[in-house]
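Below is one structure, written out as structure tokens, with a few remarks after it.
Counting convention: from 1, in listed order, for ligands and their atoms alike.
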Amino acid sequence: MTPTMVKRDASCDDDYDPNSLSCEAALAHILEHVSPVTGYERVHLRAALGRVLGESLHSPFAVPAHTNSAMDGYALSADSLPTSGTGHVRVIGSAFAGRPFNGEVGAGKAVRIMTGAAMPPGTDTVVMQEHVAVEGQRVALDGQHKRWQNVRQAGEDLKPGQQVFERGRRLLPPDLGLIASLGIGEVTVQRRVRVAYFSTGDELRSIGEQLGPGEIFDSNRYTLYAMLKRSEVEIIDMGVVRDKREAVEAALRDASQLADVVITSGGVSVGEADYIKEVLASIGEVRFWKVAMKPGRPLAFGALGPARFFGLPGNPVSVMVTFYQFVQPALFKMAGTTPTPPLLIKARSTGVLKKRPGRMEFQRGILSRDASGQLCVTATGDQGSGILNSMASGDCFIILGVDTARVEAGTLVDVQPFQGLL
Ligand code: AMP
Ligand code: MG
């Protein structure tokens with residue numbers, strides 16, 4: 001009897017799979033196939049944080065509107081300054097922020113001035129109070145001052161008529177302040193992208209339910225909720241859907257009626273209970289479903305009618321990696337703004353990083369500095385795609401290119417920090 005030959009298909013265990021797209025190609029493909037949603041709303045300035053501006057904003061006047069003092073001190077004309085030795089000027093009044101001095105300040109005269117006070121007529125220079133000697137109604141000055149010192153010119157922040165923000169700007173904290181400085185209290189923003197999502201799996205229980213044998217709590221719906229919340233989208237949580245073809249089909253149909261984007265987790269692989277791809281192919285369109293990355297290789301992207309579809313893998317780390325690398329840029333573009341390219345920095349690996357060529361890897365790392373101040377990174381430990389704690393204890397992705405093999409300690413690697421300041 002001849003022994004049966006087992007032919008091995010490419011699997012999750014292989015690093016090279018000819019049917020996988022590169023991360024770059026997958027992202028480019030996704031961005032090509034999503035477009036900004038249409039629709040606007042007027043919102044109060046405070047509610048505009050993180051939203052995408054639907055109009056361009058121009059400054060109706062100069063900011064600051066008045067040339068004013070940058071220091072507490074004495075305002076005078078530079079013509080009254082001594083060119084050498086010590087000179088004196090006579091103090092004829094005071095100017096406070098919001099309470100200007102209205103008279104003309106002539107030669108040999110000065111006005112006591114506070115930060116933010118409008119420069120009185122006839123003055124162009126402020127001498128700091130720390131740099132004078134007060135002698136009754138007079139102050140003594142030396143010859144080391146320059147015309148226009150310590151003065152903020154009208155319009156140095158914004159010129160009248162200047163474009164302050166272009167349509168498509170995602171509003172950040174300084175933007176709210178800048179818009180407020182124009183006296184504008186309401187802005188037009190793009191409507192939020194609507195995102196419906198659900199988890200798939202017979203093993204999943206929701207919080208509050210009893211766990212039976214082999215069951216786990218559904219955590220992906222919470223990480224997804226949190227990532228979507230930060231992305232300023234409208235969130236439609238559709239719960240857990242069981243691994244039954246009809247259930248998956250009904251949920252996908254409902255979701256596509258409700259949302260611009262449908263996201264699922266789990267069931268996108270090649271197991272017997274993995275129906276996502278099959279159903280997507282029958283009621284929508286599968287554009288691709290494998291990316292040469294780790295974690296996260298099974299990642300389906302396609303369309304369900306007008307909605308765009310992301311079938312994320314089930315493993316909790318894979319959900320986060322694929323969301324940040326692919327879904328978030330797509331949501332940015334759909335929201336009407338340009339996705340910001342990831343901030344990559346170089347850090348020295350403190351230890352060996354295990355890897356085989358064939359896939360781009362997103363290992364989780366912790367940044368630190370060595371004694372010489374050089375940025376270093378240490379992997380969080382076991383890099384299994386089920387170890388969600390690696391995302392919580394890490395503060396960056398260590399991104400290793402497709403062809404990279406084992407990385408020796410001391411090598412410079414690309415790192416994408418989790419932190420963003422504004
Ligand atoms: P799947 O892609 O459906 O084969 O799932 C891969 C792994 O991720 C399995 O161990 C699942 O139990 C786990 N998983 C799937 N969905 C979730 C979820 N919503 N929360 C936590 N773990 C999940
Ligand atoms: Mg499953």
| request: Considering heavy atoms of the protein only, find what lies nearest to atom 22 (N) of ligand 1 and give residue, atom and distance to 0.1 Å. | output: I216 CD1, 3.4 Å

| query | Which atoms of ligand 1 are found less than 4.0 Å from any heavy atom of S199? | reply | 19 (N)

| At what distance is the nearest protein heavy atom to atom 13 (C) of ligand 1, and which residue and atom is it? | G314 O, 3.8 Å

| query | Going through the checks in order, is the ring pair (Phe, Tyr, Trp, His ring centres under 6.0 Å) test met by F418 and F397? | reply | CA-CA 7 Å; F418 293 166; F397 286 127; 5.0 Å; yes

| query | Under the side-chain hydrogen bond (donor to acceptor under 3.5 Å, both in side chains) rule, what pairs show up with a residue in residues 311-323, not counting sequence neighbours? | reply | N315-S385

| field | ligand 1 contacted by S269 (non-hydrogen, < 4.0 Å) | value | no

| message | Give me the residue, atom name and distance of the protein heavy atom closest to atom 7 (C) of ligand 1. | response | N315 OD1, 3.3 Å

| query | Under 4.0 Å between a Lys/Arg side-chain N and an Asp/Glu carboxylate O for D260 and R308? | reply | no

| query | What is the nearest protein non-hydrogen atom to atom 20 (N) of ligand 1, stated with its residue, atom name and distance? | reply | S219 N, 3.1 Å

| Distance from atom 4 (O) of ligand 1 to nearest protein heavy atom, with residue and atom | D274 OD1, 4.1 Å

| OG of S56 to CD of E166: how many Å apart, nearest 0.5 Å? | 7.5 Å

| Would you say the side chain of R170 lies within less than 4.5 Å of the side chain of V52, judging by non-hydrogen atoms? | yes

| task | Could you check atom 19 (N) of ligand 1 against the protein and tell me its nearest heavy-atom contact, residue, atom and distance included? | result | D218 OD1, 2.7 Å

| request: If you have a sec, work out which protein heavy atom is nearest atom 18 (C) of ligand 1 and how many Å separate them, to one decimal? | output: N220 ND2, 3.1 Å

| So, do T404 and V413 sit near enough that their side-chain heavy atoms are less than 4.5 Å apart? | no

| query | So which protein heavy atom does atom 1 (P) of ligand 1 come closest to, and at what separation? | reply | G267 N, 3.7 Å

| Using a distance-only test with no angle check, is there a side-chain donor-acceptor pair under 3.5 angstrom linking S206 and D218? | no

| Is there a heavy atom of E203 sitting under 4.0 angstrom from any atom of ligand 1? | yes

Side chains of residues 337-347: which donor-acceptor pairs under 3.5 Å do they make with residues two or more places apart or in other chains?
residue	atom	partner	partner atom	Å
T337	OG1	G168	O	2.6
K346	NZ	D414	OD1	3.1

